[in-house]
There are 2 protein chains.
Amino acid sequence: MVTVRTPRASSRDDILRVFAEHVARKGYSDTSLSEIATVLGLSKGTIVHHFGNKERMLHEVHSAYYERRFAEAEFIHRELDDPLTQLAAIVYALLAAHRDDRAATIAFLREFVRYAEGGGLSEELRGRRIEYRDMVVAIIERGVAGGVFHSSDPGLSALHIFGMCNYAWTWYRPEGAKSIEEIATFFASDVLLGLCGARSESLTDVDEAISTAIATVIRTPNRLPPEPPAAS
Amino acid sequence: MVTVRTPRASSRDDILRVFAEHVARKGYSDTSLSEIATVLGLSKGTIVHHFGNKERMLHEVHSAYYERRFAEAEFIHRELDDPLTQLAAIVYALLAAHRDDRAATIAFLREFVRYAEGGGLSEELRGRRIEYRDMVVAIIERGVAGGVFHSSDPGLSALHIFGMCNYAWTWYRPEGAKSIEEIATFFASDVLLGLCGARSESLTDVDEAISTAIATVIRTPNRLPPEPPAAS
DNA sequence: ATTCGCCTACCGGACGAACGGTCAGTGTAA
DNA sequence: TTACACTGACCGTTCGTCCGGTAGGCGAAT
């Protein structure tokens with residue numbers, strides 16, 4: 001095979017993209033550098049040249065994933081002001097990532113436990129995880145303080161939400177019957193009605209909050225476009 | 001080290017136990033047979049002698065895990081009759097496994113996606129997963145039919161519950177401040193109040209259902225005892 | 001305009017380690 | 001004598017990593 005190399009155009013991004021796809025499909029340990037090199041028509045040495053080692057590649061995938069989630073979250077925080085809508089937006093954003101940022105999302109959710117305990121590059125990513133969680137906890141606490149939410153433990157409420165959303169990669173399929181918007185609406189009203197105490201007047205509030213939340217998250221700057229349905 | 005080998009006592013169970021612990025801690029691919037052999041003072045050949053290959057060991061761990069969950073679930077079904085209490089019991093059972101059946105639970109939740117797509121030993125385990133899900137869906141549907149629950153999509157409600165519970169291994173620590181009973185009570189009332197429409201009169205119903213559920217699950221025959229708090 | 005050195009992407013073979021798995025053989029209880 | 005848990009040397013493969021070398025674009029010096 002003749003390699004046609006566009007001058008000055010590094011394969012860095014391609015490598016990272018294919019790497020994330022493989023990690024998503026087979027997990028980190030079962031992803032081999034030689035396989036990725038073969039897919040891209042590169043040599044294994046090139047990959048090492050760009051990233052140093054395999055661990056740093058995973059770190060970079062995870063780091064970029066966090067970057068996107070934080071950008072989203074900060075946009076949500078900036079554009080929306082009531083906790084109800086903010087929380088709905090977080091739920092939708094986390095679920096939309098399953099469709100629009102699929103490879104990185106699955107690669108992250110499959111492998112982030114690697115950073116649970118110390119060692120190597122884990123400090124930074126562990127910090128980011130705590131940061132994100134605290135942000136959601138803060139939203140819930142603001143809701144509680146404002147009398148909108150009722151939760152005896154905002155930390156557990158947040159873990160409830162994260163579990164509900166972050167487990168979706170194990171069952172969600174883009175080609176499935178339910179759209180992400182339907183799923184997010186269902187999940188968000190589930191938890192929001194619970195948090196609101198589900199007084200009947202809050203029903204319309206929740207519906208409205210979810211609509212606004214979805215519309216807002218979609219407007220996130222530099223947002224990855226929804227992935228087209230798989231051709232195969 | 002001198003190996004004291006009790007005659008006729010096969011190491012099968014020990015091997016499987018240590019294997020599950022290692023898979024829980026490091027994942028399937030990063031668990032090596034030689035390491036397990038060393039820990040137990042055996043040779044690698046012995047492990048292969050008992051199980052044939054590594055894949056079958058994982059299969060057996062997962063299979064045994066399902067066995068225990070189904071035994072629990074069937075006991076719940078037998079002892080309890082209203083969907084409210086049954087669902088609370090399922091939530092508690094899934095969470096209690098994180099403490100009382102810890103290694104197998106984490107090993108399962110880390111690795112069950114391996115069986116998502118076809119190949120090898122996956123058919124049976126995939127079937128069991130569907131079976132378990134359908135059972136929970138059936139409970140919700142019975143609740144809906146009886147007017148106790150309100151859910152426009154029992155399938156999604158079940159996925160909500162599974163996500164909430166099955167994500168716990170990523171954050172739950174036995175030595176943590178919250179007990180499994182507290183967590184389960186919090187999570188169960190979250191979803192049950194949502195499903196009940198959270199009319200105020202259902203609040204006491206839900207509390208009572210959860211208490212009954214916990215008391216019942218604990219009585220499950222052949223239940224593994226709660227693991228003692230780690231000494232180290 | 002040509003030459004030069006430098007930077008960087010990339011090659012591709014070699015490496016040592018570790019892996020899962022094989023197999024002929026051993027010792028002991030039944 | 002049979003049955004079986006178990007050994008330990010061994011095999012083929014694959015892994016991540018290393019490294020000397022090549023090629024081409026580019027800015028500076030000539």
Side-chain angles (χ1 to χ4, degrees), chain A residues 1-23 25-62 107 110-111 114-115 119-122, chain B residues 1-23 25-62 107 110-111 114-115 119-122:
Chain A
M1 193 226 292
V2 180
T3 304
V4 180
R5 196 190 324 149
T6 319
R8 299 293 94 193
S10 147
S11 314
R12 225 191 112 94
D13 293 347
D14 288 329
I15 294 171
L16 222 48
R17 201 195 69 241
V18 174
F19 177 73
E21 284 165 6
H22 280 236
V23 172
R25 196 172 338 115
K26 317 197 297 172
Y28 174 72
S29 294
D30 290 344
T31 295
S32 78
L33 301 188
S34 51
E35 201 181 345
I36 292 164
T38 305
V39 167
L40 289 167
L42 296 170
S43 113
K44 218 165 35 166
T46 303
I47 295 178
V48 177
H49 164 73
H50 280 297
F51 300 98
N53 62 38
K54 193 183 172 187
E55 194 190 358
R56 277 209 272 272
M57 295 177 72
L58 185 66
H59 178 87
E60 201 150 324
V61 169
H62 282 198
R110 265 192 105 124
E111 303 292 343
R114 288 178 181 277
Y115 303 102
L121 303 163
S122 61
Chain B
M1 195 223 288
V2 180
T3 305
V4 180
R5 200 192 322 152
T6 319
R8 296 296 91 191
S10 145
S11 313
R12 226 189 112 92
D13 293 347
D14 287 331
I15 294 170
L16 222 47
R17 201 195 69 240
V18 173
F19 177 73
E21 285 165 6
H22 279 236
V23 172
R25 194 170 340 113
K26 317 197 297 173
Y28 174 71
S29 293
D30 290 344
T31 295
S32 77
L33 302 188
S34 51
E35 201 181 344
I36 291 163
T38 304
V39 167
L40 289 167
L42 295 170
S43 102
K44 212 167 40 164
T46 303
I47 295 178
V48 179
H49 165 72
H50 279 299
F51 299 97
N53 63 39
K54 191 183 171 187
E55 196 190 358
R56 278 210 272 272
M57 294 177 71
L58 186 65
H59 179 86
E60 199 149 328
V61 169
H62 283 198
R110 264 192 107 123
E111 303 292 343
R114 288 180 183 274
Y115 303 102
L121 303 163
S122 60

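Numbered from 1 within each chain, the chains take letters A, B, ... in sequence-line order.
The CZ-C1' distance, from Phe51(B) to dA5(D), rounds to 13 Å in whole Å. The interatomic distance linking Ile36(B) (CD1) with dC6(D) (P) rounds to 15 Å, in whole Å. Atom pair Leu42(A):CG and dC10(C):C1' shows a separation of 8 Å (rounding to whole Å applied). Rounded to whole Å, the distance from CD1 on Ile47(A) to P on dC18(D) is 14 Å.
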Find every protein N or O atom lying less than 3.5 Å from an N or O atom of nucleotides 17-20 of chain C, and list the pairs.
| unit_1 | atom_1 | unit_2 | atom_2 | d |
| --- | --- | --- | --- | --- |
| dC19(C) | OP1 | Ser32(B) | OG | 3.3 |
| dC19(C) | OP2 | Ser34(B) | OG | 3.4 |
| dG20(C) | OP1 | Thr31(B) | O | 3.2 |
| dG20(C) | OP1 | Lys54(B) | NZ | 2.9 |
| dG20(C) | OP2 | Leu33(B) | N | 3.1 |
| dG20(C) | N7 | Lys44(B) | NZ | 2.9 |
| dG20(C) | O6 | Lys44(B) | NZ | 3.4 |

Shorter than 3.5 Å, N or O on both sides, protein versus nucleotides 19-22 of chain D: list them out with atom names.
none

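In this structure the side chain of Glu111(B) never reaches within 4.5 angstrom of the side chain of Val61(B), judged on heavy atoms.
The nearest pair of heavy atoms linking Ala37(A) to Ser43(A) is CB-C, 3.8 Å.
The phosphate of dC6(D) (OP1 or OP2) has no side-chain N or O of His49(B) nearer than 4.0 angstrom. Taking side-chain N and O atoms only, Thr46(A) has a distance below 4.0 Å to OP1 or OP2 of dC11(C). The side chain of Ser11(B) places an N or O atom within less than 4.0 Å of a non-bridging phosphate oxygen (OP1 or OP2) of dC6(D).
Checked against side chain to side chain contact (heavy atoms under 4.5 Å, CB included), Ser32(B) has the following partners two or more places apart in sequence or in another chain: Ser34(B), Glu35(B). With sequence neighbours excluded, the residues that form a side chain to side chain contact (heavy atoms under 4.5 Å, CB included) with His50(A) are Ser10(A), Arg12(A), Ile15(A), Thr46(A). Qualifying salt bridge (charged side-chain N to carboxylate O under 4.0 Å, His left out) partners for Arg17(B), counting only residues two or more places apart in sequence or in other chains: Asp14(B), Glu21(B).
In this structure, the side chain of Arg114(B) does not engage the main chain of Tyr28(B) through any donor-acceptor pair within 3.5 Å.
Residue pairs meeting the salt bridge (Lys or Arg N to Asp or Glu O under 4.0 Å) criterion with at least one member in residues 38-51 of chain A, sequence neighbours excluded, do not occur.
Remark: aromatic rings of Tyr115(B) and His62(B) are close, center separation under 6.0 Å.
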